[in-house]
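Here is how names work: the chains are called A, B, and so on, in the same order as the sequence lines, proteins then strands, and each is numbered from 1.
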2 protein chains.
Amino acid sequence: MATADPARPGFALPLLLLAGFRTLIDDLHTELAREGHPELRPLHGFVLQAVGADGTTATELGQRLGISKQAAGKTVDRLVAVGYLERVDDPSDARRRLVRVTPRGADGLRRSAEIFDRLRAQWADTLGPQRVTALEDDLRAMASANWFRLDVPGWFGG
Amino acid sequence: MATADPARPGFALPLLLLAGFRTLIDDLHTELAREGHPELRPLHGFVLQAVGADGTTATELGQRLGISKQAAGKTVDRLVAVGYLERVDDPSDARRRLVRVTPRGADGLRRSAEIFDRLRAQWADTLGPQRVTALEDDLRAMASANWFRLDVPGWFGG
DNA sequence: GTAAGATGGTCAACGTGGTTGACGAAATAG
DNA sequence: CTATTTCGTCAACCACGTTGACCATCTTAC
């Protein structure tokens with residue numbers, strides 16, 4: 001990739017944030033594949049987490065992820081196909097199809113959390129724990145100052 | 001989006017990095033659209049920058065971006081269609097088609113740099129200049145410690 | 001000088017993660 | 001009972017990536 005021009009300091013920030021994110025995600029999925037979850041793709045962890053322990057519907061999942069209900073439905077299809085989600089009829093509303101995390105999905109989610117914890121520990125080994133915390137605090141401060149939209153609408157400009 | 005579980009601290013880091021990156025990119029393109037560049041998509045800035053002032057070929061562009069030459073060629077097609085890049089024959093090698101940034105492309109690139117500078121200044125207003133610098137330094141330290149792959153191979157796990 | 005190999009660009013088929021529009025079935029409001 | 005809303009799905013499409021195949025051209029070796 002083209003390196004940032006030192007005369008344009010603004011370019012470095014997005015590049016570094018992206019590189020950090022990508023590295024964490026790549027490392028996560030390398031490790032997940034080693035632990036028996038090679039089918040889990042980068043976005044799937046976010047989707048599993050958005051489904052949550054209580055289950056949800058495709059429409060509501062779309063709202064949580066900031067994507068259309070159709071896109072959410074397709075993503076659920078894929079995760080059902082690889083065994084991480086399941087669909088069950090809602091006895092109280094025949095239109096709805098509840099989406100639930102399967103035991104395999106829960107295992108993937110649990111392992112993701114553990115791996116992220118270990119990766120964060122690697123950052124702490126390199127930077128020192130207080131600098132990692134400071135980094136998170138700074139980003140959280142930007143989020144609180146209303147600069148960030150944490151609801152992740154579509155990953156890129158879509 | 002699902003909020004991070006406080007008992008799993010590792011989840012926050014990728015989420016915050018992604019949110020910061022996405023916010024910068026979204027703000028950039030909102031402002032670029034206002035300044036006469038609505039066609040510029042999130043990845044296009046990276047591509048324009050990778051082409052550089054001297055121009056390049058689709059194959060070499062693909063190597064720089066870590067994608068296939070076919071994918072690079074398609075991206076060039078789109079940027080040519082909207083007037084940000086142009087293709088010219090290489091007189092010294094009839095196989096090669098040089099890709100060059102047009103004046104309009106250079107304008108978009110220049111404005112991108114200016115907007116990023118302004119966005120960084122907004123961060124400095126919120127966090128204080130030294131904390132923004134510290135944040136960049138920390139991320140750069142992770143990159144130097146060989147955790148990061150700055151060459152951006154494909155944006156997601158692709 | 002020509003045959004053989006490496007390189008640049010393109011075409012085709014496909015996968016994934018999105019979009020919008022239309023529409024049937026079921027629930028709800030009046 | 002009818003009108004409206006909501007849930008899910010189908011179909012068509014777009015952006016961005018992949019592999020494999022292929023032709024044209026440049027380069028190397030003999």
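The distance from atom NZ of A:K74 to atom P of C:dG15 is 13 Å, rounded to the nearest whole Å. In this structure, A:E39 places its CD atom 17 Å from P of C:dG15, rounding to the nearest Å. Protein atom CD1 of B:I67 is 14 Å distant from nucleotide atom C1' of D:dT19, rounded to whole Å. Protein atom CZ of A:R96 is 12 Å distant from nucleotide atom C1' of D:dG8, rounded to whole Å. Atom CG of B:D89 and atom P of D:dA24 are 16 Å apart (whole Å). In this structure, the CG atom of B:L65 is 18 Å from the P atom of D:dA15, given to the nearest Å. Between A:R22 atom CZ and D:dG17 atom C1' the separation is 12 Å, expressed in whole Å. Across the protein-nucleic acid pair, B:L79 atom CG and D:dA15 atom C1' stand 12 Å apart, rounded to whole Å.
If you find the closest nucleotide of DNA chain C to A:R78 and to A:A94, the one lying nearer the 5' end belongs to A:R78. In this structure, A:H44 and A:D93 both approach DNA chain C, and ranking their closest nucleotides by distance from the 5' end singles out A:H44.
Side-chain N/O atoms of B:Q70 and base N/O atoms of D:dG20 include a donor-acceptor pair closer than 3.5 Å. Under 3.5 Å, the side chain of B:K69 and the base of C:dG9 form at least one donor-acceptor pair of N or O atoms.
Side-chain proximity of A:R95 to the nucleotides C:dA6, D:dC7, C:dG18 is greatest for D:dC7.
Test A:V101, A:L98, A:L61 against A:T56 for side-chain contact (heavy atoms from CB on, under 4.5 Å) and you get one pass: A:L61.
Look at A:R41 and you'll find a side-chain N or O under 4.0 angstrom from OP1 or OP2 of C:dG17. OP1 or OP2 of D:dG8 lies within a sub-4.0 Å distance of a side-chain N or O belonging to A:T57. At D:dT18, one or more side-chain N or O atoms of B:S68 fall inside 4.0 Å of OP1 or OP2 (strictly under the cut-off). Applying the 4.0 Å criterion to OP1 and OP2 of C:dT10, one finds that B:T59 has every side-chain N and O outside that range. Between D:dT9 and A:R97, a contact under 4.0 Å exists linking OP1 or OP2 to a side-chain N or O.
The CG atom of B:L16 lies 10.5 Å from the CG atom of A:D138; values are rounded to the nearest 0.5 Å. Separation of atoms CG (B:D107) and OG1 (B:T102) is listed at 9.0 Å; rounding is to 0.5 Å. If you take CG on A:L119 and CD1 on A:I115, they are separated by 7.5 Å, rounding to the nearest 0.5 Å.
Counting non-hydrogen atoms under 4.0 angstrom, A:A58 reaches the backbone sugars and phosphates but no base.
Side-chain atoms of B:H29 do not come within 3.5 Å of backbone N or O of B:D26 as any donor-acceptor pair.
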